Student: 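Once you've had a glance at the structure underneath, I'll fire off some questions.
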Amino acid sequence: MSEAIFELSQTGRKANTQIINLKSTKININNKYLRTNKPLMPEVSELEVIRHYTTLSQENFSVDTNFYPLGSCTMKYNPHCLHTLASLPEFLNRHPYALPENSQGFLQCMHEMQTMLKEIVGMPGMSLAPMAGAQGEFAGVSMIRAYHLSRKDTKRTEIIVPDAAHGTNPASATMAGFNVVEVKTKPDGDVDLKELKKKIGPQTAGIMLTNPSTLGVFERQITKISKMIHDVGGLLYYDGANLNAILGKARPGDMGFDVLHLNLHKTFGTPHGGGGPGSGPVACCKKLIPFLPIPVIKKSAKQYIISSTGDHHKTIGHLSAFCGNAGIMLRAYIYLRLLGAKGLDRVGEFATLNSNYLMQKLSDAGFEVPFIERKASHEFIVSLRKETKQYHITAMDVAKRLLDYGKHAPTVYFPLLIPECLLIEPTETESKQEIDKFVEVMTKIMHEIKKVPEMLRSAPHATKLRRLDTVKAAKEPNLVWKKQ
Ligand SMILES: *Cc1c(COP(=O)(O)O)cnc(C)c1O
């Protein structure tokens, strides 16, 4: 492993070209606020810094270097010009507290983006405030709650969540004060309507769904579900993380959903990996507009404004500082402008085509594909349950072995419904050649499962670190460097 940058430190060493001469700048800071002892900083040269971080970046996996078929998270390639344009000094140096009259360009971009996104999802209301998908979910279910309460409808304590849902769905509903009621998925991948019928009533505040679901199939009964929920007075929440599959083809608003979040950092211009910055705008139907989180960007007769009042008198409040995650939203805006309506259509088409092609090829190579008859959306599931039984190989072993072949592992053990599963999402940005290479590697791995299973159990062999103790890494992370 690379050392921590502090371990390279040599007393007195400096990166001179990076030092800003504080004496020449005219900032008057009262002496009592200035620190007297030196902060603990690594003393390194500029070259050492560059080498250190470049090496670290190369030890990582990224879409820029490797195939990254991480299901549910859409790790597609995003054009680097998005980054270049969003980093223009006029955007980068804009102070978050700058007055709207000094931010008309930025606000125009945000307003235009919001208009395009509303059209894409088929809903009239939007707030850009949430900083992640999960925060968008929390906003959305909080709006559902506020809506019912505003009508003095106080008995609605339950949110329905299918068993295939992403873990953030039940978590968000619980955080917003609801009891989560699970409904089962049928063997064909659709929601079990008989069970749903039994579980809904005057206590139902709403349902959270993603479509296509995390099983990689399009929920065919969505308009029926929508009617059932609305008939008992509930609302429908759409988890937009899988929007990539239906871009330009179908709109959640038309399916009957009332409120949703988008993951700009999956679908629109920013890769999702590494827990980096995100943005999860919420969109909603007309009757939920008063409840949107504030502030909201609007256009008045003369200019673009940042509004916290007026239409939003019943707002659920602030969710983040300022208007949301500016840099990520700018990337999304540029991405939308770059592709245009036709380009976005093609995103959905190629994401689906690539996924179906890969699904068929892996099935031909002997992998079990649980919902093959349904056709893949933008992602699909492979299950290794047979191999686990027969050769004592797990989905995790296959995931680790893929690293040896320079491929990022797909999502493993999610959704929880399918044992020993891989959730594979090739995305629209990969070529047929790259997908064929992945098929070749998976075919090799299938051969290894049968002939040299030990090779998989001890994988990865070619990475800097071997198998990590993931429980320890999660429960006792050691993230602090201490001076010896
Ligand atoms: C990623 C994801 C989320 C949560 O989004 P974050 O931005 O990671 O908080 C919710 N639902 C699904 C299906 C997802 O894939």
Side-chain angles (χ1 to χ4, degrees), residues 63 68-76 78 117 121 127-142 159-176 180 185 189 191 207-219 222 236-247 252 257 259-283 293 319-320 324-325 327-329 331-332 351 355 376-381 408-418 421-427:
V63 183
Y68 208 132
L70 195 66
S72 203
C73 284
T74 309
M75 291 297 292
K76 59 173 145 183
N78 292 292
L117 292 176
V121 299
S127 164
L128 303 175
M131 298 273 213
Q135 209 186 24
E137 288 173 27
F138 176 69
V141 281
S142 299
I159 289 269
I160 308 277
V161 180
D163 52 5
H166 195 264
T168 49
N169 291 186
S172 304
T174 306
M175 276 183 68
V180 173
T185 303
V191 168
I207 189 169
M208 297 180 87
L209 281 175
T210 179
N211 197 15
S213 75
T214 56
L215 299 170
V217 301
F218 190 86
E219 172 57 67
I222 184 58
L236 280 85
Y237 182 88
Y238 180 82
D239 174 339
N242 291 335
L243 195 76
N244 217 52
I246 57 168
L247 267 184
F257 286 97
V259 52
L260 58 74
H261 80 265
L262 296 173
N263 296 67
L264 296 190
H265 52 288
K266 291 180 182 175
T267 317
F268 299 102
T270 299
H272 179 61
S279 174
V282 276
L319 280 174
S320 59
N325 213 336
I328 303 306
M329 297 194 290
R331 283 167 178 78
S355 180
S377 56
H378 60 311
E379 61 189 359
F380 61 94
I381 296 174
H408 195 281
T411 297
V412 288
Y413 299 108
F414 175 78
L416 303 171
L417 282 184
I418 311 292
C421 69
L422 305 173
L423 181 57
I424 304 178
E425 179 175 356
T427 82

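As the structure is a prediction and not an experimental result, all values here were calculated from the model. Indexing begins at 1, ligand by ligand and atom by atom, following the structure's order.
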Student: Nearest 0.5 Å, what's the NZ-CD distance between K76 and E425?
Tutor: 8.5 Å
Student: For atom 6 (P) of ligand 1, grab the closest protein heavy atom and report residue, atom and distance to one decimal in Å.
Tutor: G133 N, 3.5 Å
Student: Where is the tightest heavy-atom contact between G189 and L215, given as atom of each residue plus distance?
Tutor: O-CD1, 3.7 Å
Student: Which atoms of ligand 1 are found less than 4.0 Å from any heavy atom of E137?
Tutor: 10 (C), 11 (N)
Student: Hey, which atoms in ligand 1 end up nearer than 4.0 Å to a heavy atom of A241?
Tutor: 2 (C), 11 (N), 12 (C), 13 (C), 14 (C), 15 (O)
Student: Before we go on, tell me: are the rings of H261 and F138 under 6.0 Å apart, centre to centre?
Tutor: no
Student: Tell me which protein heavy atom sits closest to atom 11 (N) of ligand 1, plus the residue, atom name and distance to 0.1 Å.
Tutor: D239 OD2, 2.5 Å
Student: For the backbone of G216 and the side chain of S377, can you confirm whether one donor and one acceptor N or O come within less than 3.5 Å of each other?
Tutor: yes
Student: Under 4.0 Å from a heavy atom of N263: give me the atoms of ligand 1 that qualify, with their elements.
Tutor: 5 (O), 6 (P), 7 (O)
Student: Closer than 3.5 angstrom, by distance alone: can the side chain of S127 be matched with the main-chain N or O of V282 as a donor-acceptor pair?
Tutor: no
Student: May I ask you to test the L128-P281 pair for a side-chain heavy-atom distance under 4.5 Å?
Tutor: yes
Student: For atom 1 (C) of ligand 1, which candidate among H261, H166, K266 provides the closest heavy atom?
Tutor: K266
Student: In Å and rounded to the nearest 0.5 Å, what is the OG1 to CG distance from T210 to N242?
Tutor: 4.0 Å
Student: Closest non-hydrogen protein atom to atom 7 (O) of ligand 1, residue and atom name please, with distance?
Tutor: H265 NE2, 2.6 Å
Student: Provide the number and element of each atom of ligand 1 under 4.0 Å from a heavy atom of T168.
Tutor: 3 (C), 4 (C), 10 (C), 11 (N)
Student: Suppose we measure from atom 8 (O) of ligand 1 to each protein heavy atom; which comes out shortest, and what is that distance?
Tutor: H272 CE1, 3.3 Å
Student: Are any of the N/O atoms on N169, whether in the backbone or the side chain, positioned under 3.5 angstrom from an N/O atom of ligand 1?
Tutor: no
Student: In terms of ring plane angle, is the pair H408 and Y68 parallel, tilted or perpendicular, where the classes change at 30° and 60°?
Tutor: parallel
Student: For atom 9 (O) of ligand 1, what's the nearest protein heavy-atom neighbour? Residue, atom name and distance, please.
Tutor: A134 N, 2.8 Å
